[in-house]
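Numbered from 1 within each chain, the chains take letters A, B, ... in sequence-line order. All values below were derived from every heavy atom in this structure, side-chain atoms included, with hydrogens, water molecules and symmetry-related copies excluded.
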Amino acid sequence: MGVRRAGRPSSPYRGEAMEIPDQERVRREKLERLRAAGRDPFLQHGYPRTHSARELEKHAEALLGQQAAVCGRLQARRGHGKAIFADLVDESGRIQVYARLDDLGEEQFAAFDDLDLGDIIGARGEVFRTRTGELTVRVSEFALLAKALRPLPEKFHGLHDPEIRYRQRYLDLIAQPQVREVFRARAALIQAFRSYLCERGFLEVETPILQPLYGGAAARPFTTHHNALDMNLYLRIAPELYLKRLLVGGFERVFEIGRMFRNEGIDTRHNPEFTMIEVYQAYTDANGMMELVEGLVGAACQALHGSLKFTYRGNQIDVTPPWRRVPLLEAIRAASGLDFATIPDAATARQAVAERNLDIGNTAALGLWEIADKVFDRYVQPALVQPTFVTDYPVAISPLAKRKPDNPELTARFEPFLGGEEIGNAFSELNDPDEQRARFEQQVRARQEGDLEAHPMDEDYITALEYGMPPAGGLGLGIDRLTMVLTDQPNLREVILFPLLRPLSE
RNA sequence: GAGCCGUUAGCUCAGGCGGUAGAGCAUCGGACUUUUAAUCCGAGGGUCGUGGGUUCGAGUCCCACACGGCUCACCA
């Protein structure tokens, strides 16, 4: 249905009066009459508002009998012949206004009666309470500030069509006020992160989004082109390598909040552009990052819920530290019986998977750690509802992480899980330039063998490491996923204002 | 990429076995000067996602396509 119904935002209907839907034709005609009478609403430049809905309610007792000027969108109307009740909705809430023929006179009352649902108006008058006790502005003067030429979604059932909700998010926000709360929560979460870090001496920085060479994660990039320099550039898949250059430069605590771009599929947990926070702290390590995650998520949870407990998908979740810690291979072994510490290669792993009838699809084309990853996704991750750090990732899939002193096959890396969702990635940063080069070379070989997401060689980064980077812990958290979990939304699209959709074909 | 489901009035939704499309809100006209999903009376509004096919006849059955949703796959 969307093709026609939602696909009309660009059609102006010029000279096609016969094709304009009924309700829009009526509104257009009203606008033409206003313009002809020299009262074009779109010539208004503002309105001297004195109170928002919330302010009006807050100062209700002092305002009774006083004048107030309010603004908002006309979202409901109850006519009574020579009087009209209407609901104005502004960002803070709803305001009832009451227009009477006696107060406005014939002409102004007729003009008020001519308003359509969706119109944006300003109104001024005396504040009073109706006999049912509702705070109301008795209109003595009003102005149409913008004409709504299209009818709004229906007031009672709201807007359900997910396609229109995402394509025309403004309609979603108008029709479903609770959707605004999700995005307020998102902003509060980011604010909580920012405050938490700034209070602890972290510096917020901005590093390039357009990068001559991408890196810092395993993902395929978007490519673009700079005309003047005639060079290809990549949209960043992660800010990691730039932030660590800042550690080399002498900043000891830095963070960046920003958009990342990964050229991958779209589903309930992935959007091609998403928001991540990355934090780097010198002279600490993965353990320090675990405490930081506990602190950050705790601060966000407090900001959103006033508590360290919340509900996601029907599960009570408690983020009180310390969070459970479990090594990756141990978690896999406990859940599946497979011990990847003793499995030498992919063929052995495939055989073990088959023997145990593990349901992870076709493993024929997968490498050893890809098989481990699948077993983890299928048998471990869904159970990680309470906050958990999965630790000790194999060095083969952690090209930027420092090895564990007691087991060089593993790294001091962890991923935090919450509500069964992976919400980030962190480790002790590899700062040995020679080993970093060897790791990159290994990635380059993987790329040559067909791994499109292997990390490219970054000589410039290695040069930076050669000047000396202090030992450090680094952390990335997915803002979208965290918001999804902390606001108990079922889908990443619910926390992204304008998720990517296919364009409508004409 | 695969499977399943969806697409009917501005919005939310009904439409057995194929017989020419309905409701509520919204809109238009009328009544009503403290209502609040206001109420009451009356009316208009549809290329049933697009294109083919089967049929005397298709919203309904079949095929293809588009967009979306869910699940899986891919992927942090």
Side-chain angles (χ1 to χ4, degrees), chain A residues 1-8 19-27 29 75-87 94 96-104 109 116-118 128-134 136 138 148-167 171 174-176 216-220 237-238 260 262-272 274 276 359-362 365-366 370 373-374 376-378 381 393 397 415-417 421-425 452-453 476-478 480-481 490-493 499 501-506:
Chain A
M1 115 286 288
V3 173
R4 197 176 55 83
R5 200 159 67 197
R8 291 190 287 106
E19 293 184 16
I20 301 178
D22 222 31
Q23 299 189 44
E24 293 177 37
R25 183 175 45 75
V26 169
R27 287 162 185 247
E29 287 168 0
Q75 261 176 247
R77 203 164 62 144
R78 298 170 290 282
H80 291 264
K82 297 184 179 64
I84 300 168
F85 286 95
D87 293 341
R94 189 182 71 98
Q96 178 165 268
V97 298
Y98 179 50
R100 290 166 56 106
L101 176 60
D102 293 350
D103 298 336
L104 288 172
F109 185 77
D116 289 301
L117 294 186
F128 76 108
R129 282 197 190 279
T130 64
R131 69 168 59 137
T132 56
E134 176 155 356
T136 302
R138 182 162 169 168
L149 293 171
R150 294 173 185 260
L152 258 34
E154 190 239 339
K155 62 183 174 186
F156 186 59
H157 294 93
L159 181 64
H160 288 181
D161 184 330
E163 189 164 354
I164 301 180
R165 290 189 54 227
Y166 299 147
R167 280 191 202 283
L171 293 179
I174 292 168
Q176 311 203 93
R220 299 168 68 181
I237 60 173
M260 307 302 145
R262 297 186 183 177
N263 209 334
E264 294 165 351
I266 300 172
D267 62 28
T268 55
R269 298 292 180 273
H270 297 85
N271 195 60
F274 64 101
M276 188 159 73
D359 176 26
I360 58 167
N362 186 2
L366 301 181
E370 289 170 317
D373 196 42
K374 277 213 186 307
F376 179 85
D377 285 350
R378 172 73 177 76
Q381 181 171 341
Y393 282 69
I397 56 173
E415 293 195 344
F417 289 82
E421 311 288 349
E422 173 200 336
I423 59 166
N425 186 22
L452 295 172
E453 299 186 339
L477 288 174
D480 314 87
R481 286 200 191 158
N491 188 313
L492 204 65
R493 289 183 185 89
L501 300 180
R502 283 180 197 274
L504 293 165
S505 57
E506 189 49 41

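With both ends at atom P, the span from B:C41 to B:U55 equals 49 Å, rounded to whole Å. Taking atom C1' on both nucleotides, B:A2 is separated from B:G44 by 46 Å, rounded to a whole Å. Straight-line distance between the C1' atoms of B:C17 and B:A64: roughly 27 Å, to the nearest whole Å. Taking the C1' atom of each, B:A9 and B:U47 are spaced 13 Å apart, rounded to whole Å. With C1' as the reference atom, B:G45 and B:A26 are 11 Å apart, rounded to whole Å. The same atom, C1', is picked in B:G1 and in B:G57; the two are 40 Å apart, to the nearest Å. With C1' as the reference atom, B:G16 and B:G68 are 28 Å apart, rounded to whole Å. Of the P atoms belonging to B:U50 and B:A66, the separation is 15 Å, rounded to the nearest Å.
For A:R129, the CZ atom counts as densely surrounded, since its 6.0 Å shell holds more than 12 non-hydrogen atoms of other residues, nucleotides or ligands.
Distances were taken from every side-chain heavy atom of A:L159 (C-beta onward) to each of B:U33, B:C75, B:C11; the shortest belongs to B:C11. Taking every side-chain heavy atom of A:Q23 into account, B:A26 is the closest of B:A26, B:C11, B:C75. Proximity note for A:R167 (side chain, C-beta onward) versus B:U35, B:G68, B:U33: the nearest is B:G68. Of the candidate nucleotides B:G68, B:U34, B:C75, B:C75 has the atom nearest to the side chain of A:E264. Checking B:U34, B:U12, B:U33 against the side-chain heavy atoms of A:E154 singles out B:U12 as nearest. The side chain of A:T136 lies closest to B:U35 when the candidates are B:C11, B:U35, B:A26. When the nucleotides B:C75, B:U33, B:G68 are ranked by their closest atom to the side chain of A:H270, B:C75 comes out on top.
The distance from the CZ atom of A:R100 to the NZ atom of A:K82 is 11.5 Å, given to the nearest 0.5 Å. For the atom pair CZ (A:R269) and CG (A:N491), the distance works out to 7.0 Å, reported to the nearest 0.5 Å. Between the CD1 atom of A:I266 and the CG atom of A:L501 there is a distance of 7.5 Å, given to the nearest 0.5 Å.
A:Y166 comes within 4.0 angstrom of the backbone, heavy atoms only, and of no base. Using a 4.0 Å heavy-atom distance criterion, A:G158 is classed as a sugar-phosphate-only contact. At the heavy-atom level, A:R100 lies under 4.0 Å from base atoms of the strands shown. A:R220 comes within 4.0 angstrom of nothing in the nucleic acid, heavy atoms only. Within the 4.0 angstrom heavy-atom criterion, only backbone atoms of the sugar-phosphate kind lie near A:H160; the bases stay farther away. The residue A:R378 sits apart from the nucleic acid: no heavy atom pair falls under 4.0 Å. The residue A:L117 sits close only to the backbone: its heavy atoms come under 4.0 Å of sugar-phosphate atoms, none of a base. Within the 4.0 angstrom heavy-atom criterion, only backbone atoms of the sugar-phosphate kind lie near A:E453; the bases stay farther away. Residue contacts for A:I84: at a heavy-atom cut-off of 4.0 Å it reaches no nucleic acid atom on any strand shown. In this structure, A:A217 reaches neither bases nor backbone, as no heavy-atom distance under 4.0 Å exists between it and the strands shown. Here A:D87 lies out of heavy-atom contact (under 4.0 Å) with every strand.
Listed for the A:R481 side chain is no donor-acceptor partner under 3.5 Å among the backbone atoms of A:I423. For A:H160 (side chain) and A:H157 (main-chain N/O), a donor-acceptor pair under 3.5 Å exists by modelled atom type.
A donor and an acceptor atom never sit less than 3.5 Å apart when one is taken from the side chain of A:H157 and the other from the base of B:C11. Counting distance only, with no hydrogens placed and no angle test, the side-chain atoms of A:R131 and the base atoms of B:U34 include no donor-acceptor pair under 3.5 Å. No hydrogens or angles were tested; on distance alone, nothing pairs the side chain of A:D22 with the base of B:U27 as donor and acceptor under 3.5 Å.
Residue A:R78 contributes atom CZ, which lies 6 Å from atom C1' of B:U35 at whole-angstrom precision. Rounded to whole Å, atom P of B:G68 lies 13 Å from atom CG of A:N271. Between A:E134 atom CD and B:U35 atom P there is a gap of 11 Å when expressed in whole angstrom units. When the P atom of B:G10 is taken as reference, atom CZ of A:R150 falls 11 Å away, rounded to whole Å. When rounded to the nearest whole Å, the span between CG of A:D161 and P of B:U8 equals 8 Å. Summarising the geometry, the separation between NZ on A:K82 and P on B:G30 is reported as 13 Å, rounded to the nearest angstrom. In this entry the distance linking CD of A:E29 with P of B:G29 reads 11 Å, nearest Å. As rounded to whole Å, 11 Å separates atom P of B:A37 from atom CD of A:Q96.
Side-chain contact check for A:Q381 versus A:F376: some heavy-atom pair is nearer than 4.5 Å.
Phosphate contact (OP1/OP2 of B:C70, side-chain N/O of A:N491, threshold under 4.0 Å): present. Remark: A:R502 is in phosphate contact with B:G68, judged by side-chain N or O atoms under 4.0 Å from OP1 or OP2.
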Report task. Check step by step if salt bridge (Lys or Arg N to Asp or Glu O under 4.0 Å) holds for A:R78 and A:D87. Result -> CA-CA 9 Å; A:R78 298 170 290 282; A:D87 293 341; 3.0 Å; yes
Requested in this report: Applying side-chain contact (heavy atoms from CB on, under 4.5 Å), run through A:D116 and A:Q23 and close with a yes or a no.
Outcome: CA-CA 10 Å; A:D116 289 301; A:Q23 299 189 44; over 6 Å; no
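In this entry B:G24 has B:C11 as its Watson-Crick or G-U wobble partner, both defining distances falling under 3.5 Å. Both distances falling under 3.5 Å, in either a Watson-Crick or a G-U wobble arrangement, place B:A2 opposite B:U71. Nucleotide B:G51 forms a Watson-Crick or G-U wobble pair with B:C63, both donor-acceptor distances falling under 3.5 Å.
Heavy-atom distances to RNA chain B give each of A:E422 and A:L152 a nearest nucleotide, and the one nearer the 5′ end belongs to A:L152. Annotation: of the two residues near RNA chain B, A:D373 and A:P153, the 5′-most nearest-nucleotide partner is A:P153.
Nucleotide B:G45 is shown with an anti base, its glycosidic torsion being more than 90° from 0.
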